[in-house]
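Only this structure's heavy atoms are used, side chains among them; waters, hydrogens and symmetry mates stay out.
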Amino acid sequence: MLKSFELPDCYYSNQPALIKPNRPTPNHTLYLSNLDDQMFLRFSIKYLYLFGKSMNVETLKCSLSRVLVEYYPLAGRLKASTENDQKLQVDCNGEGAVFAEAFMDLTVEEILQVCKKPNKYWRKLLYKVDAPGFLDIPPLVIQVTNLRRGGMILCTAINHCLCDGIGTSQFLHAWAHMTTKSTTDLPVKPFHCRHVLKPRNPLQVTFSCPGFTKIATDKFNAQIDTNIYQYLHSQPVVPASITFTPSQILHLKRQCLPSLKCTTFEVLASHTWRCWVKSLDLSPSSNVKLLFSCNVRKKLIPQLPSGYYGNGFVLACAETMVKELDTTNLHNGVKLVQCAKLAITHDYVKSIIDLLEDKTVKTNLSTSLVISQWSKLGLEELDFGEGKPLHMGPLTSDIYCYFLPIMGEFDGVRVLVSMPENIVDKFEYYMTQFPLIMENGDANGECEVDNLKMVSI
């Protein structure tokens, strides 16, 4: 079987092109909200799509130039504010998006064998822009890689300071719409203005925000308790990929009944958090956090306008001691996740926006598992006219955890997270070893780990 690190190099027949909007677009500076330009979000969201059929590259370039008329900030460039060099904004100058075309000597079938466990070597599937720093990289970078015997890989890097997951999905579907339809009218018009999330004057931080901390200004303050984040970054990590079917998710939910009803996200987040903590073998008295993205578009009063594609989320924070999670019952963890979700109100979001006006405030990752949910964004429904993808997921795996869609199974979820090599097997064991009550009454089920099946006890 092909191993993920054996991917051959991409062959580029031409230099990447800059795709500009095909009509003049507004030339101005776009304000970014405090939710947009957090240090935590200063990276690009990198998607990998595998399609069974290749598409005409010139057609994709043409439709991209058309959709960039509507999403013109993505054709601009990030820059620091002249008033505050820690505040970012977008120079909407129409310079264009990077579009690279390549060939890789692999088949669709060979890619499908290994794509569920991407690692750092998969970065070669996305053209690396030679730039001195983050601000110098165009907000949108795309690579189309054609494969032997047909099929293609589409990789996109979309700057997180401009879009969140909902926003990136909205843009990608707009591009697909422009590719397959002759009309330039989009089903959802993008809403560009970020002033709807400006901080208040005067600032009113009326809530405690446990997901944040101040940047330490001296060595004494830097000596915090167990720093899991630093430990994970200091170790070689490998991806763990576990697929949960609807019946397995239902079994997890049954562990909370009848006293507690919960959603798929709530129970799977609790289960993943507990298994992550157990595999790290932390002290029972250690404090641990779960941070997860919470869409606030409909939490605010008034709600954010339709088509808002900027960062319209905050990180909800569940917090407890290890001994409270390390139990056979999911009830405690689920309740913590539910309480964290309920805490996200209009006033709480406004407090976070005001808090982030202080640029010494950052997301507290020291003892946190971060979960990003991609499974309900419609990303797997992307269709440029030759059918939906056979696979979609992040270009590479990271210590952040992703809840990913499963192709053709709407209610299933794939959990992807990278763990240190010496504990990844333990993590997969904890994630999969629970008794499954199958529909036919059989108490023995199987929970799939990529390239491996583990029989539940």
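Taking the six-membered ring for Trp and the full ring otherwise, the centers of Phe292 and Phe265 sit less than 6.0 Å from each other. If you look at Tyr308 and His192, their ring centroids are not closer than 6.0 Å. Taking the six-membered ring where the residue is Trp, the centroids of His173 and Phe384 are separated by 6.0 Å or more. The aromatic ring centroids of Trp175 and Tyr71 lie 6.0 Å or more from each other. Checked against the 6.0 Å centroid threshold, Tyr47 and Trp374 count as a close aromatic pair. Aromatic pair Tyr49/His391: centroids not less than 6.0 angstrom apart.
Residue pairs meeting the salt bridge (Lys or Arg N to Asp or Glu O under 4.0 Å) criterion with at least one member in residues 158-172, sequence neighbours excluded, are Asp164-Arg297.
Residues Asn287 and Thr320 share a closest heavy-atom pair of OD1-O, 3.2 Å. Of all heavy-atom pairs between Glu380 and Lys388, the closest is O-CB, 4.1 Å.
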Starting from the C-alpha separation in whole Å, work towards a yes-or-no answer on salt bridge (Lys or Arg N to Asp or Glu O under 4.0 Å) for Arg77 and Asp136.
CA-CA 7 Å; Arg77 296 294 182 266; Asp136 304 289; over 6 Å; no
Can Lys189 and Glu70 be said to form a salt bridge (Lys or Arg N to Asp or Glu O under 4.0 Å), step by step?
CA-CA 8 Å; Lys189 285 281 189 181; Glu70 300 291 339; 3.4 Å; yes
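Between Glu421 and Val237, every side-chain heavy-atom pair lies at or beyond the 4.5 Å cut-off.
A distance of 7.5 Å separates OG of Ser259 from CG of Asn329, quoted to the nearest 0.5 Å.
For the 3.5 Å distance criterion, the side chains of Gln373 and Ser375 qualify, holding a donor opposite an acceptor.
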Distance-only check: which donor-acceptor pairs under 3.5 Å involve side-chain atoms of residues 396-404, not counting sequence neighbours?
residue	atom	partner	partner atom	Å
Ser397	OG	Ser418	OG	2.7

